[in-house]
Amino acid sequence: MDVIPFKVQLISIVGVLLFMYVVIRLIIRGKLREEYSIVWILGTIVLIVFSVWRQGLQNIAELLNVSYAPSLLFLVAIFAIICFLLHLSIVISKLQAQIKDLAYALAILKQEQTGQHQSAHAGEAGSIPTASDGQPPYTNPAASELIPPVNPIPTRR
């Protein structure tokens, strides 16, 4: 069994602690949300354990009958990355649906506001304002095609 040299162990401990510091600073500054920081903190703790416990990875690899211990570490890391990417894809999909619902609601509010604004001006002047083609501006068929029909109550997906 190869033992990790002390110099390499010291460099890995310092590197992992530096990474933990960066994660904590990002949390304090509000650039990293707490729910996502858990993954990074847990990963850092695992790296600290393997940096301090010199034979840990080798012992776990022997238990799982893996002939090359660093390959086990890479396998676990790749699996964790895939799980994290799947989670982020789910979050992005939810946010995309929420953005779409908000855009629809904003379009409806703008359309209602424009209609109320124009009807208020029409009441003051006593006539319906017309565009250059003779139609009222809020009944422009080209503009109504841009605003798709919307469920007034956004649903969560």
Inset, instruction - Show which residues join L106 in its hydrophobic cluster (side-chain heavy-atom contacts under 4.5 Å, direct or indirect), or state none. - result: none
Inset, instruction - Check N59 against W53 and note the closest heavy-atom contact, atom names and distance. - result: ND2-CZ2, 3.8 Å
List, one per line, each side-chain donor-acceptor pair under 3.5 Å for residues 12-23, sequence neighbours excluded.
unit_1, atom_1, unit_2, atom_2, d
S12, OG, V8, O, 3.3
S12, OG, Q9, O, 2.7
S12, OG, S51, OG, 3.3

Legend entry - Cluster companions of I99 among Ile, Leu, Val, Met, Phe, Trp, Tyr (side-chain spacing under 4.5 Å): none
Legend entry - Set of residues satisfying side-chain contact (heavy atoms from CB on, under 4.5 Å) with respect to Q96, sequence neighbours excluded: none
Legend entry - Rounded distance (nearest 0.5 Å) linking atom NZ of K94 with atom CD of Q98: 8.5 Å
Legend entry - Hydrophobic cluster partners of I11 (side-chain heavy atoms under 4.5 Å): none
Legend entry - Transitive ILVMFWY side-chain link F84 to V91, under 4.5 Å: yes
Inset, instruction - Sort and list the pairs that fulfil side chain to side chain donor-acceptor pair (under 3.5 Å) and have at least one residue in residues 65-87, not counting sequence neighbours. - result: none
Name each donor-acceptor pair under 3.5 Å that joins a side chain in residues 24-49 to protein atoms two or more places apart or in another chain, with its distance.
unit_1, atom_1, unit_2, atom_2, d
R33, NH2, E35, OE1, 3.2
S37, OG, E34, O, 2.7
T44, OG1, W40, O, 2.7

Please tabulate, one pair per line, all N/O donor-acceptor pairs under 3.5 Å involving side-chain atoms of residues 73-81, not counting sequence neighbours.
none

